[in-house]
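Presented below is the structure to which this report refers.
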2 protein chains.
Amino acid sequence: MSLLDEFVAMRGGVQRIAALCSALPVDEIMLARKLKHVGAAISARFEQALQAHDLVEADFSVLMQLFGSPGRNASPSELCGLTAQRPTNMTRIGDALVRKGLATRATDPSDRRRIVLRITARGERLARTLLPQLSAEVSRIFSGLGDTQRRQLDTLLQKLAATLDTQSEEQDR
Amino acid sequence: MSLLDEFVAMRGGVQRIAALCSALPVDEIMLARKLKHVGAAISARFEQALQAHDLVEADFSVLMQLFGSPGRNASPSELCGLTAQRPTNMTRIGDALVRKGLATRATDPSDRRRIVLRITARGERLARTLLPQLSAEVSRIFSGLGDTQRRQLDTLLQKLAATLDTQSEEQDR
DNA sequence: ATTATTTAATTCATCAATGAATTTTTGCAC
DNA sequence: GTGCAAAAATTCATTGATGAATTAAATAAT
């Protein structure tokens, strides 16, 4: 089923609940759901494009950051910061990249706690192959929006992120 | 780390790659990432609010749709349409709701392939407890946006969904 | 110098979700 | 009526991700 169909069905369902219950913020609920589903759909697109190369989005993202890192290498924790991944998952990603011959793993002699992931020649070739391909995909996805709308979207997402951040802070206190 | 910090770090990483590679659409890439992460953060918020009741977002969503269904019951496949879940997962959700005493499961006598999930009194109490609570959470999340901005966001998400839909169609053909 | 704290990475158990294959039932074609 | 395709739900194996606990190394405190 298409996203738009899903949205219609979901709104119908939410409205039925709203009829039973006191004053549900239907529009906000739908916004939240749409945000989630559009984000997920975009991710699914990437996954689809990547699965031909037996990569998952997180792995690809880390490979790219490795490619862009000074010296073509970085530690898992640095990569965590760059890709918003958890350490546990970064271990798995490292395993996957090493297994596929896209990166090597070595312990940093200057700080033996650190692990250094380094992209291989093969990894770099793959990066250079995938980058234009995935870039085109991203461009296609946003091709329906003009410059103004893109800026609008960015502004709105930044604002939402800011709200979420401050509310999380409040909660932690 | 906060979302805004993540965004800054991610943009830095993407820009370093862009410097190495031909004309990367940095802004679009960041839009895609922000969409994904804001959507995920909103979901995480719900999960957090729900985990006190040992529910996960999908389970909650199904419970609500069950609550709003005519006759307080529905089949898994109907619920799949209403909540954008896969049948396999719906089976698990049904299991969870039944196990927690929030719903019952019975086979429809008029079509013995169909299963009828029916919300229990306890499930309904929980629904009536959670709805206002979660609604407040949604409202808080969007409290930073004015009416115009909400409409903008909705328009943009609809447009993106439309683009994603048509491109998926093209691909399937 | 010894001890305690912090940091990096990993292991382990667990979870939600998925696709493929399967079972059962219904509806349709002939 | 028999055979066949479609539909509904499920089972099974697998996957990506997570938190809690663990190990090892570096750093700070005393």
Side-chain angles (χ1 to χ4, degrees), chain A residues 1 36-37 39-41 43-48 50-51 53-63 66 73-100 103-118, chain B residues 1 36-37 39-41 43-48 50-51 53-63 66 73-100 103-118:
Chain A
M1 211 190 344
K36 177 179 179 178
H37 279 85
S43 274
R45 271 295 190 78
F46 291 135
E47 302 275 6
Q48 197 177 351
L50 289 170
Q51 82 180 9
H53 301 270
D54 193 30
L55 280 180
V56 62
E57 198 184 11
D59 301 9
F60 166 76
S61 176
V62 168
L63 183 70
L66 224 37
N73 72 79
S75 74
S77 33
E78 287 162 359
L79 294 166
C80 278
L82 254 26
T83 60
Q85 291 287 332
R86 310 270 176 190
T88 305
N89 204 30
M90 193 54 70
T91 298
R92 181 197 61 75
I93 295 171
D95 289 346
L97 295 181
V98 170
R99 181 173 55 77
K100 296 187 175 78
T104 60
R105 228 199 298 242
T107 67
D108 181 351
S110 78
D111 180 347
R112 297 170 42 70
R113 290 171 303 182
R114 262 181 106 247
I115 291 285
V116 179
L117 289 171
R118 171 170 280 108
Chain B
M1 214 196 331
K36 176 177 180 179
H37 280 85
S43 275
R45 272 292 190 80
F46 291 136
E47 303 275 6
Q48 196 178 351
L50 288 170
Q51 80 181 9
H53 301 270
D54 193 29
L55 281 180
V56 61
E57 198 184 11
D59 301 11
F60 166 76
S61 176
V62 168
L63 184 69
L66 223 37
N73 72 81
S75 73
S77 33
E78 288 163 359
L79 293 166
C80 278
L82 254 27
T83 61
Q85 292 287 332
R86 311 269 175 191
T88 306
N89 204 30
M90 193 54 70
T91 298
R92 182 197 60 77
I93 295 171
D95 289 347
L97 294 181
V98 170
R99 180 173 56 76
K100 296 185 175 79
T104 61
R105 226 200 298 241
T107 68
D108 180 350
S110 77
D111 180 347
R112 297 168 43 73
R113 288 171 304 182
R114 264 182 106 246
I115 290 286
V116 179
L117 289 171
R118 172 170 280 108

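Below, read A as the first sequence line, B as the second, and so on, with proteins coming before strands; counting in each chain starts at 1. Small disclaimer: the values here were computed from a predicted structure and weren't measured.
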Does a side-chain N or O of T88(A) approach OP1 or OP2 of dA9(C) to a distance below 4.0 Å, or not?
no
More 5' along DNA chain D: I93(A) or D111(A), using each one's nearest nucleotide?
I93(A)
Taking any heavy-atom pair under 4.0 Å as a contact, classify S77(B): base, sugar-phosphate, or nothing.
sugar-phosphate
Pick base, sugar-phosphate or nothing for P76(B), based on heavy-atom distances below 4.0 Å to the nucleic acid.
sugar-phosphate
Under a 4.0 Å threshold between the charged nitrogen and the carboxylate oxygen, would D59(B) count as salt-bridged to R92(B)?
yes
Lys/Arg N to Asp/Glu carboxylate O, R45(A) vs E57(A), below 4.0 Å
no
[X], nearest nucleotide to its side chain (from [options]):
{"X": "R114(A)", "options": "dG19(C), dT10(D), dA8(C)", "result": "dA8(C)"}
{"X": "R92(B)", "options": "dA16(C), dT10(D), dA26(D)", "result": "dA16(C)"}
{"X": "R113(A)", "options": "dT10(C), dT10(D), dA24(D)", "result": "dA24(D)"}
{"X": "R86(A)", "options": "dT11(C), dT6(C), dG19(D)", "result": "dG19(D)"}
{"X": "N89(B)", "options": "dA9(C), dA17(C), dA6(D)", "result": "dA17(C)"}

To the nearest Å, give me how far apart [atom1] ([X]) and [atom2] ([N]) are.
{"X": "E47(B)", "N": "dA17(D)", "atom1": "CD", "atom2": "P", "answer": "15 Å"}
{"X": "R112(B)", "N": "dT23(C)", "atom1": "CZ", "atom2": "P", "answer": "18 Å"}
{"X": "E57(A)", "N": "dT15(D)", "atom1": "CD", "atom2": "P", "answer": "18 Å"}

